[in-house]
Asks: 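Mind having a look at this structure? Questions to follow.
Proteins get letters first, then strands, A, B, ... in listed order; numbering begins at 1 in each.
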2 protein chains.
Amino acid sequence: MTEPVRGGAAPTNGVLPAALPPTARATTALLTDKYELTMLQAALANGTAHRHCVFEVFTRRLPAGRRYGVLAGTGRVLESLPHFRFEDADLAFLEETGVVDARTIDFLSGYRFTGSILGYAEGETFFAGSPVLQVEGTFAEAVLLETLILSILNFDSAVASAASRMTSAAVGRPCLEMGARRTHEQAAVAAARAAVVGGFAGTSNLEAGYRYGLETIGTAAHAFTLLHDDELGAFKAQVAALGTGTTLLVDTYDVRQGVINAIEAAGTGLGAIRLDSGDLGGLAVEVRHQLDELGATGTKITVTSDLDEHAIAALAAVPVDSYGVGTSLVTGSGAPTCGMVYKLVARADSTGVLQPVAKASPGKPSQGGRKSAARRLGHDGRAVEEVLVTGDDEAVARWSPDSDDLRPLLVPLVMDGAVDSRWVGPHGVENAVRAHQASRSELPRGARRLSAGDPAIPTVSLTLP
Amino acid sequence: MTEPVRGGAAPTNGVLPAALPPTARATTALLTDKYELTMLQAALANGTAHRHCVFEVFTRRLPAGRRYGVLAGTGRVLESLPHFRFEDADLAFLEETGVVDARTIDFLSGYRFTGSILGYAEGETFFAGSPVLQVEGTFAEAVLLETLILSILNFDSAVASAASRMTSAAVGRPCLEMGARRTHEQAAVAAARAAVVGGFAGTSNLEAGYRYGLETIGTAAHAFTLLHDDELGAFKAQVAALGTGTTLLVDTYDVRQGVINAIEAAGTGLGAIRLDSGDLGGLAVEVRHQLDELGATGTKITVTSDLDEHAIAALAAVPVDSYGVGTSLVTGSGAPTCGMVYKLVARADSTGVLQPVAKASPGKPSQGGRKSAARRLGHDGRAVEEVLVTGDDEAVARWSPDSDDLRPLLVPLVMDGAVDSRWVGPHGVENAVRAHQASRSELPRGARRLSAGDPAIPTVSLTLP
């Protein structure tokens, strides 16, 4: 084997002093597996690179026991797409390290995605086989996007899917995202965004506030109390700086004394106290009683220690006002990735006619051919089936529901290379929040059960003639 | 509650057409939880912000059953540190959204970390309580780094810890990182780097090759075969473009026919075939036999389907030449975050004397006071104990081992704000690779067992007078 690190031959981007952080890159194009480019090289050589193709993103199965998944990240895919271009430094790297040949580098230098992308609206619920994204273009332009699209959708959807379960369990009480420290620093920003798509009310992450206009929250950690000579002094300092509406963290030493100190420092108008350790349920009952006795009947209680959807559900009958969730949220609550794949489902033959294709690998089922999708609704407006529409390619591409009980799921995201701006930036997040609320409300009530079980609705095929 | 998305009030960074991708930010300073800044505001107001402090990063426990952890990400922390500064756009965001007051914004505008950081060498093994990073400076400058440091170390160490188990299980056969599509697109780059620290031989991730000089690998996916009219045509195209040394993926349709086609296309000098589905152990035996019969005795076999350390171990007796690992690697093989925390362990009192501090929260043990650390070695050079040195602050700060059987673990990383360049860039990765190899070799042989058990060595305290 060669050495794992080329060392001296490497670009100096990572070596200090650099003008910008290593992540501050003008392009997203190298966030890609090498094999996308070597495939391109081989396909350019024999002309198949220009065959018209349809790729679909779907998951083969939901995480064990999950009732539904929540699509998130579509807006981030669209934000990344215009920057998927190979600039001089990228091309020089590919050339110097021999990744691909000169013809391929020449092709990459002019690369822009000029195809079209349909997909489920961000925030929509999905099931095994749901074609959540459909990328159409030449093989050359579509194959290169595989890794970036999957990275984004697999991570963001894992977080949004967990978030949705948590906000269901919270039954209207606000959930606040605080997991930045438990995942990669840039993943943290995406996680905050995905959490909001899944119904969270805000995030501790400032960069997520900056990039996506998310509501940011947070007041103080144990370090602030420990910094001071005593807890009362710390609380007085916090209230002086942040006002009586602040949240005081009362469990650094003794919770009962902490609550006394909190009210002494802020008065009975204190905004909230936070509990971050111990038996949160029992403590919250005691603290509520204590606060009420002290006259702080409007002071809220927020809890934040290792919560997941099950812990939240267990606190439903306890006088808690909001939940701060970290680790389990940003790691997908046991399912840190969605298992979405990016599969070629149709490509032109030598005469230019699109043909369905599918591999036959054991244990990795996939169905050839372009799909459309709709959700069938019952008389009460609740979803009853996920309908995957298959059959003749042109018929599927043209298909739209002919009856009111079918809600079509594919919406245009990119047309001939042009990104639909409805889905990007803060506005895109707002749309995704609404889409998720509507989609979850439409599912059968059993969909919100946290216990392991079958998908909320079955998936059926509708084959067009 | 307020709305989770401020929408119109948000900066336009995320709205197309933007000149740069949303991640292309000149600073790392907003990759931070809001409460770091509100604590700063309160501490600036009463003067405690300038108290001298020592923060330590450690984990309270290893993931259940793990024998050791592997520290990774230190180099990335150091690469991010010089960019932890608040520029005009960041300050405007903080002001417009009312995160902190004018005095705090004024302080942040001049923020530079001027303190010092010690830590375990990147790649070093660690245990519960090991002070893997120690940040010393004023409260103001040290508290702000909490989130960014934890994000990086928690994610990167989770991946490196999983990687180390996989490379142990592979017993010398190369392991190749292919997980980019299963985690956030920037986390993928860090994961590739951490995998190499943990002993991986290369990565599919081009950006990781670009940033850190890592060896990149990969040839073709099923899509390439499906793009062509038949498998033989696809293989011939790949060999024509990439040479006979390439790796052909033989399981798109039928593995036995795939191997026949592969040798027909490339001849018996074919570099390797790849298996990505089915019963890898049984298939590898059959394929090895088939290749040998065809005369392709030098053609290697690489396997890549849902591997983790246990699957790799189960293939030890099977004629496989290398392992490609994705999902389980980048998600930490069941432990997607390390649970590291950033705790204030000592701070100056009003007279300027450093005092140990620790919270008393139930279930979250931490020990006050600055620590030093060393690994005690037995006569055979194998590690026998993790030694945490505590006691009088000045004595601990000055401490160095007085006997050869103690290997000191803390090394200087940042002195008075200046980053030690040994630990950054491609060179930093090389040093981390070596540090991990040495540290793992030094652990008792039982450390490599994959089964759940106690930490490889106990952790003991040495209290200085």
Asks: Is A:Ala358 in contact with chain B via its backbone, its side chain, both, or neither, using a 4.5 Å heavy-atom distance?
Replies: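 Interface part for A:Ala358: backbone (N, CA, C, O).
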
Asks: Can you name the side chain to side chain donor-acceptor pair (under 3.5 Å) partners of A:Ser204, sequence neighbours left out?
Replies: B:Asp33

Asks: Tell me, for A:Phe84 versus chain B, whether the close heavy atoms (under 4.5 Å) come from the side chain, the backbone, both or neither.
Replies: neither

Asks: Do you know which of B:Ala188, B:Gly199, B:Ala89, B:Gly75 has the most heavy-atom pairs with chain A at a distance under 4.5 angstrom?
Replies: B:Ala89

Asks: Under a 4.5 Å heavy-atom cut-off, does chain A meet the side chain of B:Val99, its backbone, both or neither?
Replies: side chain

Asks: Can you name the closest pair of heavy atoms from B:Ala42 and A:Gln238 and give their distance?
Replies: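 What the structure gives for the nearest pair is CB-CA, 4.1 Å.
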
Asks: Out of B:Ala220, B:Ser350, B:Ala49, B:Pro336, return the one with the most heavy atom pairs under 4.5 angstrom to chain A.
Replies: B:Ala220

Asks: Between B:Arg182 and A:Met340, is there a donor-acceptor pair closer than 3.5 Å when you use the side chain of the first and the backbone of the second?
Replies: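 Yes, because the side chain of B:Arg182 sits within donor-acceptor range (under 3.5 Å) of the backbone of A:Met340.
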
Asks: Pick one of side chain, backbone, both or neither for A:Thr327, based on which atoms fall under 4.5 Å of a heavy atom in chain B.
Replies: side chain

Asks: Going by atom types only, do A:Asn46 and B:His228 share a side-chain donor-acceptor pair under 3.5 Å?
Replies: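 On atom types as modelled, these side chains qualify, holding a pair under 3.5 Å.
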
Asks: Taking the side chain from A:Gln41 and the backbone from B:Ala241, do they hold a donor-acceptor pair closer than 3.5 Å?
Replies: yes

Asks: Where on A:Arg193 is there a heavy atom nearer than 4.5 Å to chain B: the side chain, the backbone, both, or neither?
Replies: neither

Asks: At a 4.5 Å cut-off on heavy atoms, which part of B:Ala191 comes close to chain A: side chain, backbone, both, or neither?
Replies: neither

Asks: Please tell me if the side chains of B:Ser151 and A:Thr183 come closer than 4.5 Å, counting only heavy atoms from C-beta onward.
Replies: no

Asks: I'd like to verify something: which residue of A:Thr28, A:Asn205, A:Asp229 has the highest number of heavy-atom pairs under 4.5 Å with chain B?
Replies: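 Answer, by heavy-atom pair count under 4.5 Å with chain B: A:Asp229.
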
Asks: Contact part of A:Leu37 toward chain B, heavy-atom cut-off under 4.5 Å: side chain, backbone, both or neither?
Replies: side chain

Asks: Should B:Glu207 and A:Lys34 count as an ion pair when the cut-off is N to O under 4.0 Å?
Replies: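 Salt bridge between B:Glu207 and A:Lys34, a charged N being under 4.0 Å from a carboxylate O: no.
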
Asks: Does any non-hydrogen side-chain atom of B:Thr23 lie less than 4.5 Å from one of A:Arg211?
Replies: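 They are in contact (side-chain heavy atoms under 4.5 Å apart), so the answer is yes.
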
Asks: Can you find a pair of side-chain heavy atoms, one from A:Leu226 and one from B:Arg347, that are under 4.5 Å apart?
Replies: no

Asks: Who pairs with B:Thr203 by side chain to side chain donor-acceptor pair (under 3.5 Å), at least two apart in sequence or on another chain?
Replies: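 B:Thr203: side chain to side chain donor-acceptor pair (under 3.5 Å) contacts with B:Glu177.
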
Asks: With a 4.5 angstrom heavy-atom cut-off, is it the side chain or the backbone of A:Ala240 that approaches chain B, or both, or neither?
Replies: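 Neither; nothing under 4.5 Å.
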
Asks: Any side-chain heavy-atom pair from A:Thr216 and B:Thr97 closer than 4.5 angstrom?
Replies: no

Asks: Do A:Arg25 and B:Gln186 come within less than 4.5 Å of each other through their side chains, counting heavy atoms only?
Replies: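 In short, these two side chains do not touch, never coming nearer than 4.5 Å.
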
Asks: Under 4.5 Å from any heavy atom of chain B, what part of A:Phe139 do you find: side chain, backbone, both or neither?
Replies: side chain

Asks: Could you check whether any side-chain heavy atom of A:Leu227 comes within less than 4.5 Å of a side-chain heavy atom of B:Cys53, counting everything from C-beta outward?
Replies: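 Counting from C-beta outward, A:Leu227 and B:Cys53 do come under 4.5 Å.
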
Asks: For chain B, which candidate among A:Thr331, A:Val255, A:Thr48 shows the most heavy-atom pairs at distances under 4.5 Å?
Replies: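 Top option by heavy-atom pairs under 4.5 Å: A:Thr48.
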
Asks: Does NZ or CZ of B:Arg181 come closer than 6.0 Å to the centre of the six-membered ring of A:Phe155, within 45° of the ring's axis?
Replies: no

